[in-house]
Peer 1: 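The structure under discussion is supplied below as structure tokens; questions concerning it will follow.
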Amino acid sequence: MSEEKSLNFLEEIVEEDIATGKNRGRVLTRFPPEPNGYLHIGHAKSICLNFGLALKYGGKTNLRFDDTNPSKEETEYVDSIKADVKWLGFDWANELYASDYFDQLYEFAVTLIKKGLAYVDDSTAEEIAAQKGTPTEPGTPNQYRSRSVEENLGLFADMKAGKYPDGAKVLRAKVDLAAPNMHLRDPLMYRIKHTHHHRTGDKWCIYPMYDFAHGQSDAIEEITHSICTLEFIPHRDLYNWFIEQLEIFPSKQYEFARLNLNYTVMSKRKLLQLVEEKYVEDWDDPRMPTISGLRRRGYTPASIRDFCDRIGVAKRENMIDVSLLEFCIREDLNKTAWRRMAVLDPIKMIITNYPEGQTETMFSENNPEVEGGEGGRELPFSNELWIEREDFMEEPPKKFFRLGVGLMARLKSAYIVKCDSFVKDADGNVTEIYCTHIPESKSGNDTSGIHVKGTIHWISVPHAKTAEVRLYDRLFQVENPSNEDGDFKEYLNPNSLQIIPKAYIEADLADAISGKGYQFIRKGYFTLDKHSTAEKLVFNRTVTLKDGWVKKG
RNA sequence: UGCCUGAUAGUAUAAUGGUAGUACGACGGUUUUUGGUACCGUUUGUCUAGGUUCGAAUCCUGGUCGGGCAACCA
């Protein structure tokens, strides 16, 4: 659209590569999740980046599961990840698995052993850690480092054959025990794990480490731009070292700053904890920052893509305000959501000059943002209406444009009413308010000449249907729960879910379409929950409307 | 007290030696049968100290502050 829009640093790199003829202009990226949890909004940023870059420059993107640690990975996660990427609107060129390359990776390891660049080490994890030294002191070699090629070959074959228990031996790269970059101090390539793998079953009992799988997988697929997050910067030297020694396709790694969103947590470990310890219903709880949670909450793929586009890409740590995410979904839904009325906290209004038992049909358009309103629906009107409790005040302040004794307001798509009186119960709670309507003020046919500033929503009492409505607030009460003292769960917002068991809704909403957003006029955007049934409708509030009204005493 | 990174309004992001701009937020106004939307306006910024230059957010040097790195996790 705007040819002026500046490039982010990754686009600059790609354009530079294309301009210099690198890879003959070919662009192939990959999205490489580990199937050990559900995807979250942070992954969405990576997905939009990888797929978006390829799309923009005529390339392709592989979906590759980084499944090298069988003790944490499950097929359930694979399935959810595929569903989420698809839902976001992206198509991958190939569905691949690091585990597809286990044979090839094994051969790569043998190659390095033969070159004298890898050795089998019998040390314990603790010994190896100690021998690596510290950032300021070099590591010290042990006796295993000088094993012969033949011995290493035999030992590694035995490791693969299952002759040793977990932890007995590892295969290490022989790089540089004095390297200032700790990742180069003879990093582990393979460890023994007698664990069932979700795809390769029990075929393997040795599994490659990330550093000996990721770059090699990239090279096998001939990935041109391997994009990952900042914490992998120290791995880059090792990534390049393996590629160089193995003389395989030189994929290049580039790093960007991961997304941080305030008032939530973004690590899979913490999200898993919230699920397992039942602080939330499941991975797709509408309060979760997961893709599936956002979907159930009512976020659209377009709104998430727009969000990822707006936050930009750079290399500095960042903390994005959730208000931007909310802006994106409001912007989308405002254009697409059909308007409906729903009263969440009801109080009864009786129109004293409207005939009891009479019903009149009003009309209201579906979407005022669209030319023609996208059609509309009929609204039954009667002398008894449910209105929102907060739309009446016993002692209304100045500039209160709703109801109070003596005040007038319009009933959306119906008449202007004037409030005359109200009654309270023994506890002092207002129970009913009495109004008179202005017959000449009927919507679309108003000859009353009366102008009111406020318009309120309503539901005819005898025609009302009911639904359970769930209102969500931020999951945590502090901006960055992970940065606070103590357990992050201490900072959960106890009021993140408010259930309204019985809200009054338009009858029409009984036919609400799953996955579609509705605007409950003046209350926000809502969508059907996955547990909603014909007998018991359940709506989730996606987001409130922006509230420009500042209450003052 | 090692190595690697980074630092531009409240939050993000642009300006690639030549007018510090955009978005979100906040605030104010106009329109409105949603206190929504739309439209208009206001506000706030180059971490610091030097240097190079006609000219520095940008280049150089020192400092300060943030993040990462010593998992048989990815």
Peer 1: Test salt bridge (Lys or Arg N to Asp or Glu O under 4.0 Å) on Glu506(A) and Arg377(A) and set out the steps.
Peer 2: CA-CA 10 Å; Glu506(A) 286 184 37; Arg377(A) 77 288 183 190; 2.6 Å; yes

Peer 1: Provide, to the nearest angstrom, the distance between the CE atom belonging to Met393(A) and the C1' atom belonging to G35(B).
Peer 2: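 Rounded to whole Å, this separation is 14 Å.
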
Peer 1: Residues in side-chain contact (heavy atoms from CB on, under 4.5 Å) with Asn480(A), at least two apart?
Peer 2: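 By the side-chain contact (heavy atoms from CB on, under 4.5 Å) rule, Asn480(A) matches Met319(A), Ser482(A), Asn483(A).
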
Peer 1: What pairs with Glu231(A) under side-chain hydrogen bond (donor to acceptor under 3.5 Å, both in side chains), at least two apart in sequence or on another chain?
Peer 2: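 So Glu231(A) forms a side-chain hydrogen bond (donor to acceptor under 3.5 Å, both in side chains) with Thr229(A), Arg258(A).
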
Peer 1: When you check every protein heavy atom under 4.0 Å of nucleotides 22-34 of chain B, what one-letter string (B, S, -) results, 5' to 3'?
Peer 2: -SS-S------BB

Peer 1: On a whole-Å scale, what distance lies between the P atoms belonging to U5(B) and G18(B)?
Peer 2: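 Taking atom P in both U5(B) and G18(B), they lie 25 Å apart.
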
Peer 1: Rounded to whole angstrom, note down the P distance from A9(B) over to U61(B).
Peer 2: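 To the nearest whole Å, 24 Å.
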
Peer 1: Taking Watson-Crick (N1-N3 plus N6-O4 or O6-N4) and G-U wobble (N1-O2, O6-N3), each under 3.5 Å, can you produce the dot-bracket string of RNA chain B? Use [ ] for crossing pairs and | for inter-strand ones.
Peer 2: .((((((..((((....[..)))).(((((.......)))))....(((((..]....))))))))))).....

Peer 1: Taking the nucleotide of RNA chain B with the nearest heavy atom to each, does Asn483(A) or Lys335(A) sit closer to the 5' end?
Peer 2: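 Nearer the 5' end of the strand: Lys335(A).
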
Peer 1: Taking atom P in both G67(B) and A12(B), what distance in whole Å separates the two?
Peer 2: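 Comparing P positions in G67(B) and A12(B) gives a spacing of 14 Å.
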
Peer 1: How close or far is atom P of C4(B) from atom CG of Leu184(A), stated in whole angstroms?
Peer 2: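 Rounded to whole Å, this separation is 13 Å.
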
Peer 1: Under 4.0 Å between a side-chain N/O of Arg316(A) and OP1 or OP2 of A12(B), yes or no?
Peer 2: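 No, no such contact exists.
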
Peer 1: How many whole angstroms separate atom CE of Met319(A) from atom P of A7(B)?
Peer 2: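 Computing the Met319(A):CE to A7(B):P distance gives 18 Å.
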
Peer 1: Base contacts versus sugar-phosphate-only contacts with protein, heavy atoms under 4.0 Å: please encode nucleotides 69-74 of chain B as B, S and - from 5' to 3'.
Peer 2: SBSBBB

Peer 1: Please give, in whole Å, the distance from G36(B) P to Arg340(A) CZ?
Peer 2: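 The answer, rounded to whole Å, is 22 Å.
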
Peer 1: Rounding to a whole Å, what distance do you find between Ile320(A):CD1 and U13(B):C1'?
Peer 2: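 Spelled out: CD1 on Ile320(A) to C1' on U13(B) is 9 Å.
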
Peer 1: With a 4.0 Å cut-off on heavy atoms, is Phe400(A) in touch with a base, just the backbone sugar-phosphate, or nothing at all?
Peer 2: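 Base: the residue Phe400(A), judged by heavy atoms under 4.0 Å, touches a nucleobase.
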
Peer 1: What interatomic distance, in whole Å, is found between P of C27(B) and the corresponding atom of U37(B)?
Peer 2: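 Roughly 13 Å separates the two P atoms.
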
Peer 1: Residues two or more places apart in sequence or in another chain: which of them pass side-chain contact (heavy atoms from CB on, under 4.5 Å) with Phe9(A)?
Peer 2: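 Testing Phe9(A) for side-chain contact (heavy atoms from CB on, under 4.5 Å), a comparison that skips the adjacent residues, returns Ile13(A), Phe256(A), Val313(A), Lys315(A).
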
Peer 1: Using the C1' atom as the point on both nucleotides, what is the distance between C40(B) and A56(B), in whole Å?
Peer 2: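 It works out to 35 Å between them.
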
Peer 1: Roughly, in whole Å, what's the span from CZ in Phe9(A) to C1' in U58(B)?
Peer 2: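 In whole Å, U58(B) C1' lies 18 Å from Phe9(A) CZ.
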
Peer 1: Start with the C-alpha gap between Lys268(A) and Glu34(A), add the side-chain angles, then the distance that decides, and say whether salt bridge (Lys or Arg N to Asp or Glu O under 4.0 Å) holds.
Peer 2: CA-CA 10 Å; Lys268(A) 280 196 216 168; Glu34(A) 181 187 13; 5.3 Å; no

Peer 1: With salt bridge (Lys or Arg N to Asp or Glu O under 4.0 Å) as the criterion, how do Arg310(A) and Glu331(A) come out once you've worked through the C-alpha distance, each side chain's angles and the decisive distance to 0.1 Å?
Peer 2: CA-CA 13 Å; Arg310(A) 286 168 184 270; Glu331(A) 175 140 286; 3.1 Å; yes

Peer 1: Are the ring centres of Phe520(A) and Phe539(A) closer than 6.0 Å?
Peer 2: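 Ring centroids of Phe520(A) and Phe539(A) are less than 6.0 Å from each other.
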
Peer 1: Provide the distance between the two P atoms, one in U46(B) and one in A38(B), to the nearest whole Å.
Peer 2: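 Roughly 31 Å separates the two P atoms.
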
Peer 1: Rounded to whole angstroms, how far apart are CG on Leu230(A) and P on U5(B)?
Peer 2: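 So the CG-P distance, Leu230(A) to U5(B), works out to 11 Å.
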
Peer 1: Report yes if the distance between the aromatic ring centroids of Phe65(A) and Tyr97(A) is under 6.0 Å, otherwise no.
Peer 2: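 Yes, ring centres under 6.0 Å apart.
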
Peer 1: Given the ring of Tyr164(A), does Lys169(A) sit roughly above its face, with NZ or CZ under 6.0 Å from the centre of the six-membered ring and within 45° of the axis?
Peer 2: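 Satisfied, under 6.0 Å and within 45°.
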
Peer 1: For the P atoms, the ones on G6(B) and on G21(B), what distance do you get once it is rounded to whole angstrom?
Peer 2: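 Between the two P atoms, the distance is 26 Å.
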
Peer 1: Using the rule ring pair (Phe, Tyr, Trp, His ring centres under 6.0 Å), only one of Tyr504(A), Phe381(A), Trp386(A) pairs with Trp458(A); which is it?
Peer 2: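 Output: one option passes, namely Phe381(A).
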
Peer 1: Would you mind telling me which of Leu155(A), Leu171(A), Asp186(A) makes a side-chain contact (heavy atoms from CB on, under 4.5 Å) with Tyr119(A)?
Peer 2: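 Of the listed residues Leu155(A), Leu171(A), Asp186(A), the side-chain contact (heavy atoms from CB on, under 4.5 Å) partner of Tyr119(A) is Asp186(A).
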
Peer 1: Assess the residue pair Arg64(A) and Asp100(A) against the criterion (salt bridge (Lys or Arg N to Asp or Glu O under 4.0 Å)); give the C-alpha distance rounded to whole Å, side-chain angles, the decisive distance to 0.1 Å, and a yes or no.
Peer 2: CA-CA 10 Å; Arg64(A) 182 173 74 234; Asp100(A) 291 341; over 6 Å; no

Peer 1: Among Arg541(A), Arg330(A), Gln519(A), whose side chain to side chain donor-acceptor pair (under 3.5 Å) with Tyr525(A) holds?
Peer 2: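 For Tyr525(A), the side chain to side chain donor-acceptor pair (under 3.5 Å) check succeeds only for Gln519(A).
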
Peer 1: Find the distance Asn318(A):CG to G10(B):C1' and express it as a whole number of Å.
Peer 2: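 So the CG-C1' distance, Asn318(A) to G10(B), works out to 15 Å.
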
Peer 1: Measuring only the P atom in each nucleotide, how far is A15(B) from C65(B)? A whole number of Å is fine.
Peer 2: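 That atom pair is separated by 29 Å.
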
